[in-house]
Each structure stands twice: as structure tokens, then as C-alpha cells.
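Structure record follows, encoded as C-alpha cells.
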Amino acid sequence: MEKGAVLEMRGICKYFPGVRALEGVDFTLREGEIHALMGENGAGKSTLIKVLTGVYPKDGGTINLAGHDHPVNIRSPQEAQNSGIATVYQEITLCPNLTVAENMYIGRTKGNLTNWKKINADAARLLDELGIPAMAQQQLGSCSIAVQQMVAIARAVDMDCKVLILDEPTSSLDEQEVEKLFRLMRDLKQKGVGIIFVTHFLEQVYEVCDRITVLRDGMLVGEYIIEDLPRVQLVSKMLGKDFDDMADIKSESDTDNIDYNGTPVYEAKDLTGTTGIKPFDFEIHKGEVNGFTGLLGSGRSECVRAIFGADKTAGGTVKINGKNVKINKPLDAMKNGISYLPEDRKLDGIVGDLSVRDNIILALQVMKGFFRPFTKAQAEAFADEYIKLLSIKTASSDTPVKSLSGGNQQKVILARWLLANPVYLILDEPTRGIDIGTKVEIQKLVLKLAAEGKSVTFISSEIDEMIRTCSRLIVMRDGKVVGELKGDDLNQNKIMATIAGGESK
Amino acid sequence: MTESQKQLQPKKSAKGFFGKLIQNQLFIPIAALLILVIFNLIADPSFFKISLDESSEGFLVLSGYLITIIDNASELAILAIGMTLVTAASGGQDISVGSTIAIAGSVVLRVLCGTDSRPDQMKAPIIVAFIVCVLVSALFGAFNGMLVAYFKIQPMVATLILFTAGRSIAAWINNNELPIISDPSFGYYGNFIPGIPLPTPVFIAAVCMIVIALVLKFTNLRLYAQSVGINPSSSRLNGINPQVIKFLTFVILGICVAVAGFIKVSRLSTINYSVVAKDIEMDVILAVALGGNALSGGKFNMTASILGAYVIQFLTTTLFKFKVNSAAISAYKAVVVIILVVLSAPIVRNKLIELKNKISRSKANTQVGKEGV
Amino acid sequence: MFTVNTDTRSKKLKNRVALTDTNLLLFITIAVFVVMYLCAIIFLGKGFTKPQAFFNILNENASLIILSCGMSLVMICGGIDISVGQVTALVCMACAVHLDFQGGNIYTSMLIALGIGLAFGLVQGFLVAYLEIQPFIVTLAGLFFAKGMTTIINASQFNVENEQFKALKATEVTVPLMGSYNKAGDFIPAYVEVGVLVAVFVVIALFCTLRWTKLGRNFYAVGGNNQSANMLGINVKFTKFMAHLICGLCAGIGGYVYFMHVGSGSPSHASGAEMNAIASSIIGGTMLTGGVGNIAGTFFGVLSLSTIKNIVASLGLDEAWWTNITVAAMLCIFLLVQSVILARKNSKKK
């Protein structure tokens with residue numbers, strides 16, 4: 001092991017069915033440093049952390065911990081805790097039905113009895129020290145998400161740990177709370193604790209971190225000292241384009257024939273979501289491809305979900321082809337010719353056990369109505385047509401969709417929405433986690449659809465994809481629309497600068 | 001080798017005729033049926049004897065164990081239809097069917113008898129009684145459906161309410177009297193129609209099966225129920241309202257209960273509130289499970305469920321024939337259930353596949369080793 | 001938000017502290033019981049004022065209390081066990097046969113009862129926790145099996161004639177300082193059966209387990225969110241296994257207490273007891289989604305359930321029918337209350 005290192009991971013591999021989550025990733029954490037782990041969505045940050053803490057078994061590689069002569073094998077979160085690794089996970093992994101104090105001490109106290117007096121007193125002291133506005137005996141579920149997150153942090157901090165992992169702990173905290181957390185982190189750093197810090201807020205990385213490791217697509221991009229890596233370069237490393245090489249790729253689409261002065265296909269004014277985004281205006285014209293961009297958590301998905309009625313909206317007016325409409329639920333949007341390919345393919349997209357055929361016809365079938373099912377021959381014809389059109393690789397149209405590869409699953413959902421023949425198609429991360437060939441196919445398809453006169457909103461974490469396909473980009477940060485780029489502004493440098501905010505070159 | 005490749009391997013090896021056979025959902029119920037048939041053939045071939053005898057009313061009827069099975073399994077098969085849908089859409093089971101059968105039967109008698117518990121003639125046409133019974137049962141189904149779909153209570157617990165109260169409500173409907181209908185025409189539906197040698201419930205069950213087959217063919221019930229059961233979030237984004245579908249399946253089960261309850265009272269022309277259809281819910285759930293349908297919801301095979309119902313009745317009748325006490329039968333059923341669920345548990349399956357891979361790999365390794373030598 | 005005056009803040013927080021879900025539901029349960037019992041005393045007259053009336057409720061329901069405690073435990077842990085009623089019947093029958101036909105004594109019969117409970121707990125716990133099969137299906141099979149075995153051991157009801165056992169069954173423990181005067185003016189002390197003492201012991205033991213032991217708190221954590229519990233370093237499988245094991249043991253003990261109360265073996269004993277136990281737990285404030293509940297609540301749940309049965313009986317309504325309907329109505333109300341609480345909590349999170 002390297003001198004001064006508290007943790008060394010070498011060649012870590014992790015595979016999920018059909019997905020390579022981590023491939024030969026190295027990571028070294030030194031004593032008394034704050035080490036940022038960066039990467040876009042799906043880059044493998046959380047997976048790496050879950051491998052380290054024993055939530056997932058690793059498929060390859062070694063983990064060395066200071067104080068152990070041999071590589072350690074961590075099989076459960078309990079073992080991780082015992083070896084001095086404390087973790088605050090991205091999702092709040094506490095029990096809402098227990099009290100704050102209990103959540104801080106359960107699973108890590110010695111002895112078989114719970115000494116309520118002691119844990120309540122200890123918890124109260126710790127809460128006080130950290131200025132967390134909660135009572136020790138209060139039920140955790142009655143606290144705000146931010147307080148719950150602080151409690152999780154307090155629990156991890158209180159452990160006598162050598163490695164502290166903070167997986168996006170700041171996403172629900174306000175500025176003062178973040179400030180408090182940073183003070184805490186610096187204190188621990190003084191005491192020699194190694195801290196792994198995962199976040200998507202660039203400012204925070206530059207404020208507290210000493211070193212950055214960047215992951216992309218489950219692979220290691222590199223480890224950098226913070227001073228050597230300016231902010232814009234970091235963004236380019238995360239997105240997979242060298243900043244200097246970025247030639248401006250002009251959009252291939254022919255944008256001349258879009259009538260920007262005509263009635264928009266879809267127009268929203270002051271559309272207010274209930275999922276933490278600020279009210280926004282949005283419009284899209286016939287034959288236009290536009291996109292929402294911004295880092296993960298900036299609210300780009302929440303915006304399109306509000307447009308489709310997937311989440312409840314709290315206000316605003318929506319016009320389709322100039323006519324006022326109400327979109328309260330997905331079916332309303334579908335009947336108005338809007339289609340939506342969701343961000344989370346597994347959770348919101350595919351109906352896993354159903355056949356490819358049923359998955360393809362699902363949306364059109366629902367629009368057609370409960371009492372008017374397609375005949376088997378019709379369904380078969382639709383399925384065959386789109387399997388051929390999108391060249392979906394499947395044994396037959398009867399195969400359960402969950403047994404297909406990620407890219408082909410995505411094509412099935414695309415087929416579903418193309419079959420519904422929408423006028424306005426929303427694609428949220430259609431290219432995530434699929435192979436490069438399919439990615440290109442999907443982008444070409446988007447341009448072809450636009451040429452046919454459909455309107456498309458395209459969201460992707462990969463900026464060059466967006467540049468290639470979109471003629472207008474709406475940039476978001478922290479749930480707010482912070483800019484709109486089109487024409488000559490549509491280049492990587494400008495976009496990254498707008499996303500990063502402030503430090504534009 | 002990636003995980004996906006690893007996963008594909010056992011599937012490939014499972015192909016071929018036998019593999020396909022095992023993967024078919026009808027395999028388990030048919031295999032169980034075959035085992036029972038063979039067992040009976042060896043133990044006592046007279047089990048399969050069917051004779052044409054003269055009934056007490058003076059016409060020819062078929063009799064024999066096989067006829068008993070298809071007769072007695074009718075209610076079970078009808079209920080299995082509704083239970084399969086409920087299971088698919090809500091991922092839970094309705095344990096109140098026995099109690100609501102008591103209610104349905106009680107309603108029929110109440111309408112036919114009026115306030116008189118021993119009427120000389122029926123006070124209303126049978127069809128009216130039947131329609132009222134269907135409406136009431138559908139209402140109780142709707143009550144369960146409401147608790148499950150809109151209040152998000154687990155199906156088993158939500159139906160615990162009617163499970164507890166059902167038989168009491170049934171008794172209350174008839175002021176805790178046991179009405180008896182003397183008109184023989186009422187008994188036609190649970191026994192024989194004069195001149196027809198097969199018991200009527202068999203025909204009623206057949207009609208129900210045809211109806212559900214038509215419903216599944218001419219509506220999207222199958223697609224909707226399966227989608228909701230597999231992935232409610234995705235179903236919602238495709239415009240399906242998961243709550244309505246769950247609610248609907250409970251109403252359908254309510255209608256099935258009405259038909260089954262009608263047959264039950266017609267068999268005896270009277271009702272015993274605390275005994276009628278006792279423990280039938282357990283048999284119905286077992287039928288659904290035996291049909292290879294996941295009790296946690298999702299894809300279903302209606303044919304397999306119905307077949308499962310007949311297999312269970314076959315098992316029950318076989319045990320009866322061998323003079324096993326009716327209550328002791330449940331011990332045998334328990335063993336069947338345990339074997340089924342343990343074999344179908346994902347963990348066990350994965351372990352078995354791993355074991356199989358290990359064996360085939362070690363075989364391959366030894367072969368390589370030999371070649372090396 | 002940190003500049004808020006700390007006094008008002010802590011006051012606000014204190015209000016919230018009193019209202020953890022478990023405490024809120026426990027409070028409702030106790031209130032319902034007290035109100036119900038007071039109503040019974042006021043409107044239904046003297047029968048309910050005698051201490052013995054209250055102790056008779058305990059005598060009648062000692063076994064149900066024990067079964068419900070086990071059930072609550074499993075439900076807190078996020079599962080369910082519907083086999084307890086039939087296990088009770090099996091225990092009664094096995095012990096009865098052992099005492100009368102095999103010449104056993106009461107101590108060996110107690111061991112048999114515990115053994116049966118333990119066996120059911122072990123097998124069901126293993127299937128649920130380590131093979132991850134749905135608890136409802138596993139315990140349904142357990143119910144079937146126990147039912148069948150009861151009949152296989154002996155198909156008909158008979159009373160136990162073993163003298164030692166009869167003496168145990170007839171033992172009455174006087175409650176100090178409680179009692180009432182009969183018409184002649186003699187003081188008749190109130191008494192409880194031995195089973196009640198066992199039940200009280202079980203209630204206290206489980207209450208303490210849930211409140212103060214690590215295992216007990218782990219039940220709550222696993223029931224609250226088993227993935228989080230895993231991340232917090234709790235052995236989820238073992239915890240689930242223990243919940244079913246303890247529930248099985250409770251079924252064994254409860255079965256023996258039932259046996260002491262009725263003094264006979266019969267296949268129809270305690271039929272439907274599992275549903276009564278579930279109903280008591282729910283009325284006692286145990287959330288069926290897991291993570292919330294209290295053994296004290298369950299105790300009062302059983303008392304509420306039987307008080308309402310007694311009230312219905314003394315109203316002159318035909319008991320068997322009306323009690324079931326009342327119980328179901330109560331169950332329905334409590335379920336809806338829980339559902340609403342849950343919905344409110346979820347909406348708050350968003």
C-alpha cells in the first residue's frame with residue numbers, strides 16, 4: 001500500500017445483468033484528505049461506494065485498508081462499519097419509524113441492551129454540537145429531509161472511523177447547513193480521517209476537496225490534484241471530451257424550415273411542478289428539436305415530467321397548437337399527442353415480464369381504449385414492423401422484454417412511443433447506459449423524426465449528443481432555467497460555462 | 001464473461017423439448033394431475049369408473065369419482081378466475097371469498113323466501129334473486145377493492161375485515177334463521193336438471209370460463225392487469241390508472257363469488273352460515289399458486305389457474321376416497337404447498353442454477369485436464 | 001433558520017416528540033379501551049363494576065394475549081403469521097393425548113407444547129428469512145399442516161382426566177385487595193387463572209425485549225425499512241428469523257395456556273384465533289406495514305376486543321353474529337385510521 005493511504009482499491013469490477021457498472025477502477029484515499037469522486041449519472045460512483053461498503057459483492061479487484069496486512073473482503077455494511085468505514089448514502093438510509101437518537105446509534109452499540117438515557121443524552125449533545133434542529137426523542141419521519149440527512153451525517157461522524165464516505169450528502173441541504181457540514185469535514189480531516197465526497201455541485205468540490213477522481217461509464221478517467229484541474233476541465237473530463245479538442249460541431253439538422261414565429265406545437269407559461277423546480281416557460285415548434293441540459297439534479301427531468309403530467313403540476317397554463325388544454329395525468333398528455341420516454345428505464349419504462357410485443361403496443365392500446373383490443377395479428381404486425389424498423393435484437397416478439405439488453409429495451413420503449421404517433425416526443429436520457437452504435441441510431445432517428453415534422457425534446461448527459469441533435473438548448477441549474485442557447489452559442493465551451501456557472505471563459 | 005452472458009447460459013442449456021416443457025406454465029398442474037391419475041390407477045382403477053344410474057327423481061345421471069371431481073371443483077374453478085385477476089393486479093390475495101359466499105347465498109335465500117323461512121313457493125323469480133346476489137357481491141368486492149386500491153392496505157389484511165364479519169352479515173341478512181326452499185326447481189342449479197346426466201354446476205363453470213375467455217379476448221383486461229401488477233409506475237406513465245384496475249379486479253372477483261355462492265345454496269336448497277364454503281379461500285389461493293402464477297402479482301395464466309382448481313379437487317377427492325379425515329387433508333395440502341413454494345423461490349432457483357453450472361463447469365474442467373494429460 | 005429563538009423551537013419540537021406513531025396509536029388504543037369500559041359500566045350496569053368482571057376478561061383471553069403478542073412482534077418486523085391459531089389447537093391435542101393416553105405428566109406436556117411452538121417457529125422463520133418466501137404463504141402452509149396434524153393425532157374432542165393437570169387447571173390465584181361482596185355480604189376475593197400470570201409474564205418479557213434489547217429495536221428497524229436496516233449494519237435475515245421464532249414460541253406457550261383454560265383437546269379449538277390475534281394487534285396500534293407497534297398496545301387491543309364482545313353480549317344481541325360484525329367494524333376503522341396516518345406521512349415527505 002502507498003504510504004499514508006488509508007484505503008486502496010485496485011481493479012474493481014462490478015457487473016449487473018446486461019450492464020458493466022465498474023471496470024478496473026482504481027481509487028486511493030490518503031489520511032487526512034478530502035477526496036472528491038466525480039462523474040455524470042451512471043458513471044459508477046454510487047456503485048463503487050456500495051462495493052466498498054459491502055452492499056454489493058464485487059466481481060473483481062482488491063480492497064486494502066490501513067491496518068490490515070491482506071486485502072479485506074467486506075461482505076456486509078455491518079462489516080464495513082466494523083472496519084472503520086462510515087457512510088452517508090445518497091438516499092437516506094435511516095428508519096423513519098425510529099427516533100432520531102436511535103437512528104444514530106442502532107446497529108453499532110455494544111452489548112445487548114439499549115441504554116435509552118445514554119443514547120438520548122449522547123444524541124442530544126451531538127445534535128446540539130452540530131446545530132441540528134431536532135430532538136433526540138423525536139421520530140425521524142417527522143423531521144424534514146434536510147434534518148434527516150444531517151442526522152445521517154451525525155451518525156457517520158460519531159463513529160470512530162478512518163474512512164468517511166459522503167455520497168451526495170448536500171443535495172437536500174441549504175447553504176448554512178452545507179457550510180456547517182464543510183466545517184465538520186475540515187475538523188475530521190485535521191484528525192486524520194480520509195473523506196470520500198461525492199457531489200454534483202462543482203462549487204462545493206472546489207471549496208473543500210484536495211483531490212479529485214473522475215469516473216466515466218464505469219471506467220477510471222484519472223486522479224487529479226485539485227489545483228491542477230480547473231473547473232471547466234473537470235466538466236470536460238466528466239462528459240468525456242477534451243476541452244481543447246472541442247471543435248464546434250454544427251447541428252446536422254436543417255433548422256431553416258422551422259417557423260419560430262408560428263403557433264408553437266406546445267407552449268407552457270409559468271408551469272409549476274411539485275417536485276422542487278421553479279416555475280418555467282417553455283415552447284416548442286413544429287419540426288424543432290430542443291433540449292434541457294444541466295447537471296444531474298438540476299431539474300431537467302422534473303421539467304419534462306411536469307410537461308407530460310407524470311408529476312402533479314401546481315399551476316401554469318398549457319397550450320397545444322394554440323388551444324388551452326389541461327394536462328393532469330399522463331393519459332391527457334398522450335391524447336394530446338405528447339409522448340414521453342422516461343429517464344429511469346427499469347422503474348418507469350419497461351414492463352419487465354411482459355413480452356416485447358405487449359410492451360410495444362402498450363401506449364397505443366391504452367389510447368385506443370379498454371374495450372377495443374388489437375387482434376393478435378394486428379399486434380404482431382405492429383411489433384414486427386417496429387422490431388424491423390429499429391432493428392431490435394430479440395429472439396421473438398414473445399420474449400419478455402427484461403431479458404433484452406439495455407439498448408434494445410430502450411428501443412422497445414422508443415417503438416412504443418413512435419407507434420403512438422405523437423406530434424411532440426419527449427426523450428429523457430434515451431441514450432443512457434446503451435452501446436455506442438445504438439446511441440448513434442437513436443440520434444439519427446431523432447433528426448429524421450424532426451425532418452418529418454415532429455417536435456422532439458431531447459435530454460442527454462452527453463453534451464455532444466445534444467449539440468448534434470438540438471437546435472435550441474435550455475440550460476438549468478438548481479431547478480431554475482438559467483439560460484437558453486441557440487445558433488452560434490451552441491458549442492461545448494459555451495454550454496459548459498453556462499452549466500458550471502460563474503467561471504466562464 | 002459478463003453477468004448477462006452468465007445469465008444466458010442456463011437458459012440456453014434449458015432449451016430443447018424437455019426444457020420447453022418445464023418452462024411452460026401448464027407443466028406443473030398437468031404434471032400434478034398426471035401423478036394423481038397414475039397413483040389412482042395403481043391403487044384402485046375403479047376410481048375412474050363412471051356409471052349411468054337412475055337418480056331419485058327417476059332420470060338417468062352419470063356418477064363416479066370423476067363426475068364428483070368436476071362437479072365439486074366448479075365453485076373452486078369459478079373463484080380461481082377472479083382470484084387470478086386479483087393476484088395479478090394487486091400482488092395479494094382475497095381471503096374473504098368464503099365469507100362473502102355465505103353473504104351471497106344468504107341474499108339469494110332472502111330474496112326467494114322473503115320474511116318467511118319455510119315458504120311453500122318462492123317469493124321471487126330465481127333470476128331476480130341471482131341478479132340481486134351479483135349486485136350485493138360486487139358491492140362487497142368493491143369494498144375490498146376500495147381498501148386495497150385507494151387506501152393502499154395490503155389485500156390480505158383489507159379482506160380480513162370481511163373475512164371476520166362476512167358470515168355474521170350473512171346470518172344477519174336472514175335474521176339468523178336457516179331458510180329452506182322446498183321448490184325443487186331451485187335445486188336444479190346445484191344438482192341436476194331433469195333429463196341431463198351431468199351436474200349443472202359443471203355447465204355453470206363452463207359458462208364462466210367462456211365468459212372470462214371472451215372478456216380476456218375482447219377487452220384489454222389481461223394487458224392492463226399484468227402491467228399494473230408488474231410495474232404500476234410504468235403503467236401510470238402509459239396512461240393506465242392502476243387504482244381503477246385493482247378496484248375492477250376485486251369487483252370481478254365479487255361477481256365470481258356471487259355465482260359460486262348461488263351454486264352452493266342451490267346444492268342444499270338451504271345454507272349453514274358457519275360451514276358453507278369454509279376454508280375455500282385457502283384452496284383457491286392454492287389453485288392459483290399451483291397454476292404457476294406468482295402470488296406477488298404480474299403475469300398470469302388463466303387456464304393454469306383453472307386447471308389448478310381441478311387438480312386440488314382431484315387431490316381432495318382422492319384423499320376422501322382413501323378415508324382420510326376431511327380435516328387431515330389439509331396436512332397433505334400443506335406439504336404440497338411447501339414443496340411448491342420452496343421450489344419456486346427465486347433464491348432456491350438461483351442456487352440450483354449455480355449448482356448446475358458448477359457441476360457442468362467442473363465436468364468441463366476435468367475434461368480439459370484429461371486432454372492436457 | 002438557525003437564528004430561531006431556541007425556546008420556541010424546543011417547545012415546538014416537544015409537541016412533536018409526544019406524537020411518534022407508536023405512541024399516538026398506543027394512546028388511541030388505551031383511550032378507546034377506557035372509554036369503552038366506562039360506557040359499559042355506566043350504561044350496562046353493575047356487572048362491569050365488579051373487579052372479577054375485569055379479571056374474567058383476562059381469564060378468558062390469556063392465551064389470545066400471548067398469541068397476539070407474538071403476532072405483534074412479527075407484524076412489527078414487517079411479516080405476518082397466520083398459523084398461530086391452528087398451532088394452538090395442535091398443542092392442545094398433542095398435550096391432551098400425551099397426558100391421557102401416554103401417561104405423561106404436566107411437565108413433559110409443557111415441553112411438548114414448547115417444542116411444537118419452537119418447531120413451527122424454526123421452520124417458518126427459516127423459510128421466510130433465509131429463502132425469502134412470502135410470510136403469508138409460508139404460514140398458510142403452517143396453518144394447513146397444524147390443522148391436519150391435529151386431526152391425525154386425534155379426530156375427536158375429549159376432556160383430559162389427568163389429575164395432576166386438573167389440579168393445575170383448577171388453580172385460582174387470588175388477587176390481593178380486590179374482590180366484591182355477594183348478596184350475603186361476604187367478601188369474595190377476585191381470582192385469576194395460572195394462564196393469566198403466564199400471559200402477564202409474556203407481555204412484560206416481550207415489552208422489555210422490544211423496548212430495551214438490541215434485538216427488540218432491530219425488529220422495529222427491519223419493519224420500518226429493511227434496506228435501510230441493512231445499511232445501518234443490522235443482520236436483517238437473522239432479525240426476521242428471530243421474529244418468527246419468538247412468534248412460534250408464543251404460539252406454543254399460548255397453546256398451553258389455552259389448554260389449561262379449556263382442559264380438552266379438539267380439532268376445532270382456537271379456530272380463527274389467528275384472525276383475532278391480528279385484529280387485536282391492529283387495534284392495539286401495530287401497523288401492518290411494519291415498524292410501528294407496542295406490546296402494551298396489543299394487550300389493550302385484546303382487552304378492547306373482548307370488552308366489546310362482552311358489551312354486545314350483555315346488550316342481548318345474539319353474541320356470535322354481532323360480535324364478529326362489531327369486531328370487523330372496529331378493525332375497519334383502525335385500518336382506515338392507519339392508512340390515513342400513513343398517507344399523511346408520505347405526503348409530508350414530498
So which part of Leu131(C) gets closer than 4.5 Å to some heavy atom of chain B, the side chain, the backbone, both or neither?
->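 Contact with chain B involves both backbone and side-chain atoms of Leu131(C).
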Indicate yes or no: at least one non-hydrogen side-chain atom of [X] is less than 4.5 angstrom from one of [Y].
X	Y	value
Cys332(C)	Phe143(B)	yes
Phe136(C)	Gln154(B)	no
Leu331(C)	Val157(B)	no
Leu160(B)	Leu335(C)	no

I need the [X] [atom1] to [Y] [atom2] distance, nearest 0.5 Å.
X	Y	atom1	atom2	result
Met156(B)	Leu140(C)	CE	CG	9.0 Å
Ile338(B)	Ile133(C)	CD1	CD1	6.5 Å
Ile329(B)	Phe144(C)	CD1	CZ	11.0 Å
Ile325(C)	Thr164(B)	CD1	OG1	11.0 Å

Report which part of [X] has an atom under 4.5 Å of a heavy atom belonging to chain C: side chain, backbone, both, or neither.
X	value
Met282(B)	both
Ile95(B)	side chain
Ile161(B)	both

Of all the heavy-atom pairs spanning Ala328(C) and Ala165(B), show the shortest one and how long it is.
->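 So the minimum-distance heavy-atom pair works out to CB-CB, 3.2 Å.
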Any donor-acceptor N/O pair, Ser330(B) side chain to Phe145(C) backbone, under 3.5 Å |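 Absent.
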Between Tyr332(B), Tyr273(B), Phe163(B), which has the largest tally of heavy atom pairs under 4.5 Å with chain C?
->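 The option with the most such pairs is Phe163(B).
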